[in-house]
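Please read the structure below before turning to the comments.
For the single chain, residues carry numbers from 1 onward in sequence order.
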Amino acid sequence: MARIDGEIVIGRPVDVVFVYVADQSNEAQYNPGWCGRKDPPGPVGKGTRFRSAVASMGRTVEMLIECTGYDRPTRLSSATTMQQADISYTLTFEPAASGTRMRWSGQVRPKGAFKLLGPLITWLGRRQVQRIWASLKQHLEAAPAQTAS
């Protein structure tokens, strides 16, 4: 099992960051190669599912992401299922002097032959997650200030 943890400060209010991140349909705006949709459509909350795909190393990886915890605006948890691995993930959001401190903690459980690649998956996962959240930060901070819905 691989563990991926980190944090970033985003120059936007907590509720704005939380609502934007919770709706994973937004991810394509800051994570190139990613596409997804809510299944079924509707408000995001515990039990919401997203069917998504991401281009990774020249291949398309399909996944099902389920929101397993939704405590607006402080905590968001999810479980991701894909052929290569299962991932459990928690994001926390708290006020910071310059906006929102978002922390992440995830556990990746590779499946099948991917278990042999544990250290590589951990290294790649940490780099990928850091890149995605840095891109989110850049995207939200470049957008005009807004209020959460």
>> Could you measure the distance from the CZ atom of Arg37 to the CZ atom of Arg49? Nearest 0.5 Å is fine.
In response: 12.0 Å
>> For Lys46 and Thr68: C-alpha separation, side-chain torsions, deciding distance, then whether side-chain contact (heavy atoms from CB on, under 4.5 Å) applies.
In response: CA-CA 5 Å; Lys46 187 174 179 180; Thr68 57; 5.6 Å; no
>> Do the side chains of Arg51 and Asp39 get close enough for a salt bridge, i.e. N-O under 4.0 angstrom?
In response: yes
> Given the rule in the side-chain contact (heavy atoms from CB on, under 4.5 Å) test, do Ser88 and Arg109 qualify, once you have shown the distances and angles that lead to the verdict?
Replying inline: CA-CA 9 Å; Ser88 57; Arg109 289 173 300 286; 3.4 Å; yes
> Hey, what do you get for CG (Leu76) to CZ (Phe93), rounding to the nearest 0.5 Å?
Replying inline: 5.5 Å
>> Check the orientation of Tyr70 and Phe18. Use parallel for under 30°, tilted for 30 to 60°, and perpendicular for over 60°.
In response: perpendicular
> Which heavy-atom pair separates Pro110 from Ala85 by the least distance, and what is that distance?
Replying inline: CA-CB, 3.8 Å
> Side chains of Tyr89 and Thr80: closer than 4.5 Å at any heavy-atom pair?
Replying inline: no
> Is Glu94 paired with Arg103 through a side-chain N to carboxylate O contact shorter than 4.0 Å?
Replying inline: yes
>> Side chains of Trp133 and Gln138, heavy atoms from C-beta outward: is any pair under 4.5 Å?
In response: no
> Are Ser77 and Thr90 linked by a side-chain donor-acceptor pair shorter than 3.5 Å?
Replying inline: yes
>> Minimum heavy-atom separation for Met102 and Leu136, please, with both atom names.
In response: CE-CD2, 4.2 Å
> Looking at OG of Ser78 and CD1 of Ile87, how far apart are the two atoms once the value is rounded to the nearest 0.5 Å?
Replying inline: 8.5 Å
>> Testing the basics here: between Pro73 and Asp15, what is the closest heavy-atom pair and its distance to 0.1 Å?
In response: CB-OD1, 3.3 Å
>> Which heavy atom of Ser105 sits nearest to which heavy atom of Asp5, and what is that distance?
In response: OG-OD1, 2.7 Å
> Without hydrogens or angle criteria, can the side chains of Tyr20 and Glu27 be said to hold a donor-acceptor pair below 3.5 Å?
Replying inline: no
>> Restricting to non-hydrogen atoms, name the atom on Ala96 and the atom on Val9 that form the minimum distance, rounded to 0.1 Å.
In response: CB-CG1, 4.2 Å
> Are Thr92 and Arg101 linked by a side-chain donor-acceptor pair shorter than 3.5 Å?
Replying inline: no
> Looking at side-chain heavy atoms only, is the closest gap between Arg59 and Gln84 below 4.5 Å?
Replying inline: yes
> Looking only at heavy atoms, what is the nearest atom pair of Val19 and Asn26, with distance?
Replying inline: O-ND2, 4.5 Å
> Above 12 or not: heavy atoms from other molecules or residues under 6.0 Å from CD of Glu62?
Replying inline: no
>> Rounded to the nearest 0.5 Å, what separates atom OG1 in Thr81 from atom CG in Asp86?
In response: 4.5 Å
>> When you measure from the side chain of Ser52 to the backbone of Gly36, do you find a donor-acceptor pair of N or O atoms at a distance under 3.5 Å?
In response: no
> Does Val108 reach the side chain of Ile4, with side-chain heavy atoms less than 4.5 Å apart?
Replying inline: yes
> Checking Lys38 side chain against Val44 main chain: does a donor-acceptor pair fall under 3.5 Å?
Replying inline: no
> Would Leu91 and Val21 count as a side-chain contact (heavy atoms from CB on, under 4.5 Å) if you check the C-alpha gap in whole Å, the side-chain angles of each, and the deciding distance to 0.1 Å?
Replying inline: CA-CA 9 Å; Leu91 297 169; Val21 171; 3.5 Å; yes
> Would one find more than 12 heavy atoms of other residues, nucleotides or ligands at under 6.0 Å from atom CZ of Arg75?
Replying inline: no
>> Just checking Lys111: does its NZ atom have more than 12 heavy atoms from other residues, nucleotides or ligands closer to it than 6.0 angstrom?
In response: yes
> So how far is it from Thr100 OG1 to Ile10 CD1, rounded to the nearest 0.5 Å?
Replying inline: 7.0 Å
> Is the backbone of Gly11 close enough, under 3.5 Å, to the side chain of Lys137 for a donor and an acceptor to pair up by distance?
Replying inline: no
>> Run Glu66 and Thr48 through side-chain contact (heavy atoms from CB on, under 4.5 Å) and show every step you take.
In response: CA-CA 6 Å; Glu66 181 173 354; Thr48 299; over 6 Å; no
